[in-house]
Amino acid sequence: MRVGIIGAGIGGLVAAVGLQRAGHEVAVFERAPEPRREGSGLSLFGNAFTALDAVGLGDAMRAVTAPAGLLRAGQRRPDGRWLATTPAASLAALRIAHRSDVHRVLLSALDPDTVRYGSDVLGVPASGDTVTLTTGAESFDVVVAADGIRSRVRSTWPGDPGVRYSGYSTWRGVTATPVDLGGAAGETWGDGLRFGMAPLGDGRVYWFGVASMPPGVALDDEWAAVNRHFAGWHSPIAEMLAATDPATVARLDIHDLAGPLPTFRRGRCVLLGDAAHAMTPDLGQGAGQAMEDAATLAALLAPLSDSDHGGIDAALDRYDALRRPRTQSIARRARSVGAVAQARGRTRVFLRDTAVRLIPASLTARQLTALQSWQPPSPARSRTEGALR
Ligand SMILES: Cc1cc2nc3c(=O)[nH]c(=O)nc-3n(C[C@H](O)[C@H](O)[C@H](O)COP(=O)(O)OP(=O)(O)OC[C@H]3O[C@@H](n4cnc5c(N)ncnc54)[C@H](O)[C@@H]3O)c2cc1C
């Protein structure tokens, strides 16, 4: 069958690889003129690798990522004292990637010319089987809208909740040279401020700084601002900032979807990744969930041909039924974790820190293990359902 995918982000590209490897004809429309080269780091948990394994990309991605589970991780106070340590076993599958490496691996797994850069998609009609471009329209058996948090496709669907500001903004950077993390990583929580660090495979470090602030604040010098916000915090935060090229430090106001969408499917079109369930980055799951979406869709469509109309309809319904509850529940949790982590004021910070200290490590481990123990659907099941429909 012919599948048109809108957006060559992580979600669109993993879907393209999965569907192409399942024997379908795939075209990806990307409005950017060329592949994304910049970017910082990305945490990929065990569920992301299960999804990547399902589309045959797991080993290629492991080769360009570094395990994070060997370091002590959890939450610290700005003076460096630990509030909680995350049990190592629940982080055994966590790996840290540089985003440009992730994109390189995904693009190199596709047939040449699969991605059509400079193709700004204007919309998808309610039938969901046509991609409308400035240059005309193209029809497909299935259209996948993986066009990100500000999805133009989603904006025309009934029930689109739009996006909302989280209350915080995030600087991200990667050190230019290796920095010794002293055997520890994870996050440090202050008063309306948070700092996180994770090692890349070559000794460089991916870091992020989060500050509560109104949306749209303009700062003259982002690198100076992040240094100012985290001055006096424990080592090696200052060393990491000093080892980062100021020109590469970017800040982003964090938004998520303002509420749950009533459906991920309209006609022959499905939403995937941030377009469907943009979440705050507080659980490090946005890309992982996009990968799960992609692996699910590829598994459900794998056995079907373009003439199997009932099978395709059943597969798209099943995609919606499988993906919506899980992603919407994770998005809710991510927002709650962000609200707690960004607590402001002495009393709230004291109560939060006390609560974090009291949470049993076994509970944290159970939650992390449950989050990561996802499995893709069996393609045979969707075929049977299609035949029964
Ligand atoms: C600060 C921060 C930290 C994060 N950290 C993590 C993490 O550690 N782990 C994790 O799993 N996730 C993380 N995430 C989330 C993750 O980055 C996203 O969930 C993921 O990149 C979404 O991928 P996507 O393909 O759905 O969307 P995108 O990456 O946004 O891709 C959408 C693509 O569609 C294209 N496009 C848009 N409109 C059109 C159009 N009309 N026509 C054609 N093309 C179009 C865009 O140019 C873009 O290339 C983080 C996010 C943020 C903001």
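Whatever order the structure lists them in is the order used to number ligands and atoms, beginning at 1. What you see below is based on every heavy atom in this structure, not just the backbone, and it leaves out hydrogens, waters and symmetry mates. Predicted model, so just to flag it, every value in this text is computed and none were measured.
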Can you pull out the closest protein heavy atom to [atom]? Residue, atom name and distance to 0.1 Å, please.
atom: atom 41 (N) of ligand 1; result: V121 O, 3.0 Å
atom: atom 45 (C) of ligand 1; result: R31 CG, 3.8 Å
atom: atom 6 (C) of ligand 1; result: L42 CD1, 3.6 Å
atom: atom 34 (O) of ligand 1; result: G7 CA, 3.2 Å
atom: atom 40 (C) of ligand 1; result: D120 OD1, 3.6 Å
atom: atom 30 (O) of ligand 1; result: G148 CA, 3.6 Å
atom: atom 26 (O) of ligand 1; result: D274 N, 2.9 Å
atom: atom 37 (C) of ligand 1; result: D147 O, 3.3 Å

Item to check | Closest to atom 4 (C) of ligand 1 among R152, H255, Q285, R99 (heavy-atom distance) | outcome: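 Residue with the shortest heavy-atom distance to the ligand atom: R99.
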Next on the checklist: Considering G11, A287, G284, A15 one by one, which has a heavy atom nearer to atom 16 (C) of ligand 1 than any of the others?
Outcome noted: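 Comparing heavy atoms across G11, A287, G284, A15, the nearest one to atom 16 (C) of ligand 1 lies in A287.
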Numbering as shown, the atoms of ligand 1 that approach [X] to under 4.0 Å (heavy-atom distance):
X: L252; value: 53 (C)
X: G288; value: 11 (O)
X: G9; value: 25 (O), 29 (O), 31 (O), 33 (C), 49 (O)
X: I6; value: 42 (N), 43 (C)
X: S119; value: 42 (N), 43 (C)
X: R36; value: 29 (O), 31 (O), 48 (C), 49 (O)
X: F29; value: 43 (C), 44 (N)
X: G286; value: 10 (C), 11 (O), 12 (N), 15 (C), 19 (O)

Salt bridge present between [X] and [Y] (N-O < 4.0 angstrom):
X: R344; Y: D191; answer: no
X: D120; Y: R152; answer: yes
X: E30; Y: R116; answer: no

Next on the checklist: Can you tell me how the ring of F140 sits relative to the ring of F29, calling it parallel under 30°, perpendicular over 60° and tilted otherwise?
Outcome noted: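 Answer is perpendicular, since the angle exceeds 60°.
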Is the shortest N/O to N/O distance between [X] and ligand 1 below 3.5 Å?
X: E30; result: yes
X: R172; result: no
X: I149; result: no
X: G273; result: no
X: T170; result: no
X: L44; result: no
X: A275; result: no

Checklist entry - Of all the heavy atoms in R150, does at least one lie under 4.0 Å from an atom in ligand 1? => result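 Checking ligand 1 against R150, which is what was asked, there is no heavy-atom contact under 4.0 Å.
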Checklist entry - Is it the side chain (CB and beyond), the backbone, both or neither of A48 that lies under 4.0 Å from ligand 1, heavy atoms counted? => result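 Contact part for A48 vs ligand 1: neither.
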Next on the checklist: If we set the cut-off at 4.0 Å for heavy atoms, which region of L122 has an atom near ligand 1: side chain, backbone, both, or neither?
Outcome noted: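 Looking at L122 and ligand 1, no heavy atom falls under 4.0 Å.
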Next on the checklist: Using the rule given for salt bridge (charged side-chain N to carboxylate O under 4.0 Å, His left out), can you reason through R76 versus D353, listing the C-alpha separation, both sets of side-chain angles and the distance that settles it, and then say yes or no?
Outcome noted: CA-CA 9 Å; R76 282 184 268 186; D353 288 358; over 6 Å; no
Checklist entry - Between L106 and M61, is a side chain to side chain contact (heavy atoms under 4.5 Å, CB included) present by the stated rule, with each step listed? => result CA-CA 9 Å; L106 298 179; M61 208 61 85; 3.7 Å; yes
Checklist entry - Passes salt bridge (charged side-chain N to carboxylate O under 4.0 Å, His left out), D313 versus R268? Steps please. => result CA-CA 8 Å; D313 282 335; R268 284 297 180 88; 3.4 Å; yes
Next on the checklist: Against the six-membered ring of W82, is R72 placed for a cation-pi contact (under 6.0 Å from the centre, within 45° of the normal)?
Outcome noted: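 Yes - R72 lies over the ring of W82, closer than 6.0 Å to its centre and within 45° of its axis.
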Checklist entry - Is the NZ or CZ atom of R31 positioned over Y117's six-membered ring, under 6.0 angstrom from the centre and within 45° of the axis? => result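 No; the conditions do not both hold, so R31 does not lie above the ring face of Y117.
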Checklist entry - So which of L241, T244, D221 actually passes side chain to side chain contact (heavy atoms under 4.5 Å, CB included) with V226? => result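 By the side chain to side chain contact (heavy atoms under 4.5 Å, CB included) criterion, V226 pairs with just one of L241, T244, D221: L241.
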Item to check | Verdict with supporting geometry, H24 and R2, side chain to side chain contact (heavy atoms under 4.5 Å, CB included) | outcome: CA-CA 6 Å; H24 299 306; R2 293 191 75 227; over 6 Å; no
So, does [X] use its side chain to make a donor-acceptor pair with the main chain of [Y] at under 3.5 Å?
X: R324; Y: P262; value: yes
X: R204; Y: P178; value: no
X: Q342; Y: G192; value: yes

Checklist entry - With a 6.0 Å cut-off on ring centres, are F208 and W171 close enough? => result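 Between F208 and W171, the centre distance exceeds or equals 6.0 Å.
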Checklist entry - Do R323 and Q289 have a side chain donor and acceptor closer than 3.5 Å? => result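 Yes, a side-chain donor-acceptor pair sits under 3.5 Å.
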